[in-house]
Chemist: 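One structure, pasted below without further comment.
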Amino acid sequence: MNKPILVVDDLRTKYITRHKEHIYAVDGVSLMVEEGKSLGIAGESGCGKSTLALSLMGYYFGALHYDSGSIKIHDMDISTMKPDVVRHKVLGKEMAYIPQAAMNALNPTQKIIRFIENVMHAHYTKMSKKDVYNIASERFASLNLPEEVLKKYPVELSGGMKQRTVIAISTLLSPKVLIADEPSSALDVTSQKMVIKMLKSLMEKGYIKSMIFITHELPLLYNVTDDIMVMYAGQVVERGTAEQMVFDPIHPYSQGLMGSIIVAEEGRRDVKLTAIPGTPPNLKNPPKGCRFAKRCEFAQPSCTHHDIPMMQIENNRMYRCLFDRQIIKGGSL
Ligand SMILES: Nc1ncnc2c1ncn2[C@@H]1O[C@H](COP(=O)(O)OP(=O)(O)OP(=O)(O)O)[C@@H](O)[C@H]1O
């Protein structure tokens, strides 16, 4: 096992609505990312993926609040740091975040190099413009981004190029963890591929030490990440290697997720396109016990009696279900 970089233990974060309702969108999430490894997070819309990303970044603004649990980068616990402290001490150098619409982060009235100067000067106040330019052009070249981009305005760049530019800028300080939230979902297929290639290249070249990649598409994760974690209604329901999760998912929800998407992988063309019947529970008032029980073809009365813990079956391979994997996989309940 490599050295753990990011360790999250039993994290709970919630939205407090105007009507004072508490919505636990991240409800007891634990995860670990090792040095040199990438973790994919998958799950249907509304399962808490983006809230988890925001919580890891300490973005507690507006309705989102920290409740309990810890987030450690190496041994530094950042879970209770004030957002301002996180911004100064953590963002950029320790962790970087690429949100869904990252390309909109660029200032339309500024050339790219001016934007980079601002980013670098926030960390190194005395760095000369020449040094900033040299660092940026070297990194851009290494990531196959043309140097001319530095002298352009965002409007002069295509969507894909803008996205790759933002990724290059966010990782200029070589953070230990990169959190990418659906970084390619708004792009055409060719640009998507280039973004994915770039993320892999950031890992290979050691510009980032580890990555969390969020998407609702399991097969995309299979091509990008070492491990995959599936979330359902604010909780983790399964974790394993990408290979295990795509070809041998255990939890009935992960199995449904696999069956509900087109898998472009060789050998998986047999998978039928099916939708998982029903909808996830309302997180204002989640059901007792297994949150997937209402939609699960294997559900038994015991599933809803008490909370179901994660069952560890191998190192880094776990799932949240009362039943043995042979029973679920054999469909003989
Ligand atoms: N500002 C908010 N106030 C109250 N509830 C919210 C707020 N933002 C999100 N939620 C709720 O939190 C839950 C998790 O939302 P989140 O956006 O994290 O899911 P997601 O898995 O990232 O979905 P998507 O893939 O669509 O981005 C949802 O039930 C959502 O309704």
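These numbers come from the heavy atoms of this one structure, side chains and all, not from hydrogens, waters or symmetry mates. Start at 1 and go down the list; that is how both ligands and their atoms are numbered.
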Chemist: List the residues meeting ring pair (Phe, Tyr, Trp, His ring centres under 6.0 Å) with Tyr319, not counting sequence neighbours, and say none if there are none.
Modeler: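 Here no residue qualifies.
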Chemist: Please determine, by modelled atom types, if Tyr133 and Ser128 share a side-chain donor-acceptor pair under 3.5 angstrom.
Modeler: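 No.
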Chemist: Regarding Arg295 and Tyr232, do their side chains bring together a donor and an acceptor under 3.5 Å, going by distance alone?
Modeler: yes
Chemist: With a 3.5 Å cut-off and no angle check, do the side chains of Glu238 and Ser254 form a donor-acceptor pair?
Modeler: yes
Chemist: Could you go through residues 49-57 and list every donor-acceptor pair under 3.5 Å that involves a side-chain atom there, pairing it with any protein atom two or more places apart or in another chain?
Modeler:
unit_1	atom_1	unit_2	atom_2	d
Lys49	NZ	Gly43	O	2.8
Lys49	NZ	Glu44	O	3.3
Ser50	OG	Gln100	NE2	3.4
Ser50	OG	Asp181	OD2	2.8
Thr51	OG1	Tyr15	OH	2.8
Ser55	OG	Thr13	OG1	2.9
Ser55	OG	Thr51	O	2.6

Chemist: Enumerate, one pair per line, all nitrogen or oxygen atoms of ligand 1 lying under 3.5 Å from a protein nitrogen or oxygen, stating the separation to 0.1 Å; write 'none' if no such pair exists.
Modeler:
unit_1	atom_1	unit_2	atom_2	d
ligand 1	18 (O)	Thr51	N	2.9
ligand 1	18 (O)	Thr51	OG1	2.4
ligand 1	19 (O)	Gly46	N	3.4
ligand 1	19 (O)	Gly48	N	3.2
ligand 1	21 (O)	Gly46	N	3.3
ligand 1	21 (O)	Cys47	N	3.1
ligand 1	21 (O)	Gly48	N	3.1
ligand 1	21 (O)	Lys49	N	3.1
ligand 1	21 (O)	Lys49	NZ	3.0
ligand 1	22 (O)	Ser50	N	2.8
ligand 1	22 (O)	Ser50	OG	2.9
ligand 1	23 (O)	Gly46	N	2.8
ligand 1	25 (O)	Lys49	NZ	3.0
ligand 1	26 (O)	Ser45	OG	2.5
ligand 1	27 (O)	Ser50	OG	3.4
ligand 1	27 (O)	Gln100	NE2	3.3

Chemist: Can you list everything that forms a salt bridge (charged side-chain N to carboxylate O under 4.0 Å, His left out) with Lys209? Sequence neighbours excluded, please.
Modeler: none
